[in-house]
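Computation of the quantities below employed the complete heavy-atom set of this structure, encompassing side-chain atoms and omitting hydrogens, waters and symmetry-equivalent molecules.
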Number of protein chains: 4
Amino acid sequence: MKTTPVADAVLKAALDLFASQGYATTSVQQIVEAAGVTKGAMYHYFQSKDDLLFAIYDRILTLQKRRLDEIVAQGGATLDVIRAVCVDVVETSIDLMPEGTVFFRSMHMLTPARNQEVTRRRREYHDEFAALVARAQAEGVVRTDVPRPVLIAHFYSDVHYLSYWYSPSGPESKTEVASQLADLFLRSITVEDG
Amino acid sequence: MKTTPVADAVLKAALDLFASQGYATTSVQQIVEAAGVTKGAMYHYFQSKDDLLFAIYDRILTLQKRRLDEIVAQGGATLDVIRAVCVDVVETSIDLMPEGTVFFRSMHMLTPARNQEVTRRRREYHDEFAALVARAQAEGVVRTDVPRPVLIAHFYSDVHYLSYWYSPSGPESKTEVASQLADLFLRSITVEDG
Amino acid sequence: MKTTPVADAVLKAALDLFASQGYATTSVQQIVEAAGVTKGAMYHYFQSKDDLLFAIYDRILTLQKRRLDEIVAQGGATLDVIRAVCVDVVETSIDLMPEGTVFFRSMHMLTPARNQEVTRRRREYHDEFAALVARAQAEGVVRTDVPRPVLIAHFYSDVHYLSYWYSPSGPESKTEVASQLADLFLRSITVEDG
Amino acid sequence: MKTTPVADAVLKAALDLFASQGYATTSVQQIVEAAGVTKGAMYHYFQSKDDLLFAIYDRILTLQKRRLDEIVAQGGATLDVIRAVCVDVVETSIDLMPEGTVFFRSMHMLTPARNQEVTRRRREYHDEFAALVARAQAEGVVRTDVPRPVLIAHFYSDVHYLSYWYSPSGPESKTEVASQLADLFLRSITVEDG
DNA sequence: AATGAATGAGAGTTCATTCAT
DNA sequence: AATGAATGAACTCTCATTCAT
């Protein structure tokens with residue numbers, strides 16, 4: 001993951017192509033041509049096409065986990081923390097839209113070992129978020145009549161679906177959408193007030 | 001798309017393999033072996049590998065559209081119709097889980113012409129559902145402070161995400177999950193009672 | 001190992017090229033060009049370049065083992081049997097000279113699994129021949145002052161070296177050389193008459 | 001071919017790898033890694049991978065020829081000289097076992113020019129040894145009923161085969177094996193006494 | 001209706017070697 | 001003396017599809 005002009009250009013080209021055409025449909029030849037380098041140069045920095053794919057997963061997993069840790073570390077009322085996480089993950093996902101597109105579409109193209117690593121790191125994220133929800137439930141502010149896995153899937157689903165409908169050039173701004181989706185999610189999981 | 005033992009076996013094998021390995025990673029050879037037929041026989045019924053993929057899209061689009069039409073035709077209070085649609089689409093998606101898995105992962109593998117057809121038919125579904133939401137908003141029972149596209153994306157997202165987390169052999173039954181997700185969705189979009 | 005015009009032509013071309021240039025230096029492209037077939041056709045019959053190499057080992061191992069079994073089965077005075085084996089293995093090795101050339105030069109290019117199989121089958125041959133020598137020693141007609149492994153290596157070495165010096169178009173005929181080498185070998189291992 | 005720490009380490013690594021994996025299967029990268037130097041450093045001392053291979057041939061040819069010359073120069077009864085050559089060549093070959101392994105397996109990987117040089121120098125050795133045998137035949141102590149090329153091939157074969165069966169860690173010591181093989185060879189070529 | 005041999009283009013990857021530094 | 005990035009050609013192998021039978 002060194003940063004050199006060649007490695008950067010290759011990674012950027014790979015990301016764009018994987019997002020628009022899919023991993024399997026993109027040839028190494030296309031990548032190096034788009035990056036303006038030779039195949040040999042690319043293989044000097046990356047051991048395989050799979051390396052390029054994994055770099056995308058690594059970037060998104062690393063970033064999202066760090067953001068989650070930071071928000072949780074800041075503390076506050078549990079519901080406020082959950083809302084902050086929700087807003088942040090939507091905004092970050094919009095910033096990393098091409099990565100997100102690849103993320104959910106191409107997981108089965110990773111080598112088994114790397115697929116396992118991705119799964120493990122996703123579970124870490126999942127467990128940390130689930131703990132937040134459990135705490136809110138213990139505090140009596142989040143409903144318990146729906147199984148927690150369903151609540152959490154309901155959270156992930158919005159993030160997941162972003163790359164299928166949201167366009168940065170569309171009418172809704174990133175900030176607005178993040179706030180709106182967070183609102184919809186919070187409304188659905190909190191206990192009714194009166 | 002006639003129904004013959006050979007064609008059926010091929011389609012079934014293709015569906016299973018596409019869902020578990022992805023379209024691009026599955027070879028025609030694997031499909032015909034899994035189906036217990038020869039390549040020649042397969043190419044007698046299907047013109048290309050792409051035909052097999054499209055058949056999956058066709059089946060799911062046809063079914064879901066028909067269900068939507070039926071439920072809308074039955075009439076009733078708008079919110080009840082929306083809830084019925086929501087419950088039904090979750091249940092149907094669980095019944096067609098392999099198809100759903102392929103649906104969201106492999107759309108970019110279709111030939112451009114067929115990709116357009118799929119997009120067109122999805123838009124038909126989308127427009128019909130959006131009309132329901134618009135009616136509910138006009139009736140004052142669904143909130144208008146969130147843009148309608150966001151509300152609708154919020155609906156689709158749960159359906160979309162199902163194949164990534166739900167397991168028929170897990171603790172939640174199809175019926176329960178459908179009801180729970182419908183409830184979460186409805187709660188988030190309806191106007192507060194007071 | 002089916003016999004078709006394509007498979008035969010490929011095997012023959014591979015044998016010639018492997019013998020003259022070595023396995024690693026011969027490309028699949030060269031083989032199919034020499035055989036007058038396409039790469040696809042070749043890969044229809046053989047799963048890998050390694051298959052072609054192994055076919056050579058298989059042929060020579062199968063043949064030599066069958067000949068040894070037959071000669072031993074015919075029975076006779078032990079020394080006569082040993083001499084017959086010796087004559088026959090030289091003649092057979094001359095008939096299979098290209099195979100022999102490849103045999104000793106390219107064993108380390110086989111996949112580990114196949115290398116093991118070759119080693120196992122060579123050991124079978126070795127053990128059967130060693131039993132003959134042991135019997136002759138027990139009968140007092142073969143010397144025991146030299147360790148049996150050395151006697152046997154001394155036998156194999158002539159066979160092994162054939163492809164490095166013998167030319168079918170040279171002055172010595174196959175039959176003559178076989179008889180002469182058998183004579184040299186027998187003279188060196190038998191006990192002196194007095 | 002200067003002697004520097006780098007050049008020595010490279011040559012040693014190359015020898016080990018060529019002997020265990022074969023020349024073609026060994027990459028320059030593997031060699032420099034095993035030697036603990038960089039590619040650039042290696043190419044500073046050697047012009048090509050072929051240089052490394054030829055160095056092995058050069059060492060063994062030079063040594064064996066010098067030993068033969070020395071032994072012949074010492075003089076003595078012809079049969080004693082032949083026996084001394086035979087003992088010495090076996091011992092030397094055991095000392096240079098990795099070189100010997102490479103020698104017989106990789107001759108066809110040398111560039112044509114160097115292959116010719118190796119062939120020429122082998123012939124020099126061959127001719128000198130053949131002259132010894134001819135002298136012994138003229139003296140009536142070596143049989144003439146077997147063509148001289150066959151006698152000589154019978155000599156070379158044992159040397160050649162050593163790397164295929166002898167293990168320095170096995171039961172037979174270098175000295176013993178050398179004496180035993182010399183004995184077998186001499187017994188086979190000398191005229192019967194009584 | 002069905003076979004399976006054959007095609008030919010293109011896939012990912014390796015590698016000895018060069019060269020600016 | 002030594003680095004290591006970069007080259008470019010060649011490598012083995014795969015695959016959707018065709019076609020004579």
**Q** May I have the distance from D:Leu52 (atom CG) to E:dT17 (atom P), rounded to whole angstrom?
**A** 9 Å
**Q** Mapping B:Gln47 and D:Val6 onto DNA chain F by nearest heavy atom, which one lands closer to the 5' end?
**A** D:Val6
**Q** Whole Å only: how far is the CD atom of D:Glu33 from the P atom of E:dT14?
**A**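 Between P of E:dT14 and CD of D:Glu33: 13 Å.
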**Q** Could you state the atom-to-atom distance from CD1 of B:Ile31 to C1' of F:dT17 in whole Å?
**A** 13 Å
**Q** Rounded to whole Å, please give me the gap between CZ in D:Phe46 and C1' in E:dT18.
**A**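 Checked: the CZ to C1' distance equals 18 Å.
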**Q** Whom does F:dA2 pair with, Watson-Crick or G-U wobble, provided both distances fall under 3.5 Å?
**A** E:dT21
**Q** Can you tell me the base-pairing partner of E:dT7? Count Watson-Crick or G-U wobble geometry only, both distances below 3.5 Å, and say none if there is no partner.
**A**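 Paired with E:dT7, as far as the under-3.5 Å criterion goes, is F:dA16.
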**Q** Rounded to the nearest Å, what distance is computed from the CE atom of residue C:Met109 to the P atom of nucleotide F:dC11?
**A** 14 Å
**Q** Would you mind telling me which residue lines up with the more 5' stretch of DNA chain F, D:Val37 or C:Gln29, judged by nearest nucleotide?
**A**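 Closest to the 5' end, via its nearest nucleotide, is D:Val37.
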**Q** Side-chain N or O of C:Thr38 less than 4.0 angstrom from OP1 or OP2 on E:dG8?
**A**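 So the side-chain polar atoms of C:Thr38 never come under 4.0 Å of the phosphate oxygens OP1 or OP2 of E:dG8.
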**Q** Rounded to the nearest 0.5 Å, how far does OH of C:Tyr23 lie from OG1 of D:Thr25?
**A**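 Reported to 0.5 Å precision, the distance equals 9.5 Å.
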**Q** Rounding to a whole Å, what distance do you find between C:Met42:CE and E:dT7:P?
**A**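 Checked: the CE to P distance equals 13 Å.
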**Q** Can you measure from CD (A:Gln29) to OG1 (A:Thr38) and round to the nearest 0.5 angstrom?
**A**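 Between A:Gln29 CD and A:Thr38 OG1, I get 10.0 Å after rounding to 0.5 Å.
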**Q** Write down the atom of D:Thr62, the atom of D:Arg121, and the distance for their closest heavy-atom approach.
**A**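 Looking at all heavy atoms of both residues, the closest pair is OG1-NH2, 2.9 Å.
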**Q** Should the pair A:Phe103 and A:Tyr57 be assigned to parallel (<30°), tilted (30 to 60°) or perpendicular (>60°) ring geometry?
**A**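 Plane angle between 30° and 60°, so tilted.
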**Q** Parallel, tilted or perpendicular, judged at 30° and 60°: which one describes the rings of A:His160 and B:His160?
**A**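 Plane angle under 30°, so parallel.
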**Q** 5'-most contact on DNA chain E: A:Gln30 or C:Gly40, nearest heavy atom basis?
**A**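 Of the two residues, C:Gly40 wins.
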**Q** Hey, does the side-chain of D:Lys39 have a donor or acceptor N/O within less than 3.5 Å of a partner on the base of E:dT17?
**A** yes
**Q** Do the side-chain N or O atoms of C:Ser27 get closer than 4.0 angstrom to the phosphate oxygens (OP1, OP2) of F:dC11?
**A** yes
**Q** Nearest whole Å is fine: how far is F:dC13 P from C:Tyr45 OH?
**A**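 Value for this atom pair: 19 Å.
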**Q** Among E:dA16, F:dA16, E:dT13, find the nucleotide with the atom closest to the side chain of D:Lys49.
**A** E:dA16
**Q** Which listed nucleotide (E:dA2, F:dC13, E:dG12) is nearest to the side chain of B:Ala41?
**A**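 The answer is E:dA2.
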**Q** Give the nucleotide from the list F:dG4, F:dC13, F:dA16 with an atom nearest to the side chain of B:Tyr43.
**A**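 Among F:dG4, F:dC13, F:dA16, the one nearest the side chain of B:Tyr43 is F:dA16.
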**Q** Would you mind classifying the nucleic acid contact of B:Thr26 as base, sugar-phosphate or nothing, using non-hydrogen atoms under 4.0 angstrom?
**A** sugar-phosphate
**Q** Which comes earlier along DNA chain E counting from the 5' end, the contact point of D:Thr25 or that of A:Ala24, where each point is its nearest nucleotide?
**A** A:Ala24
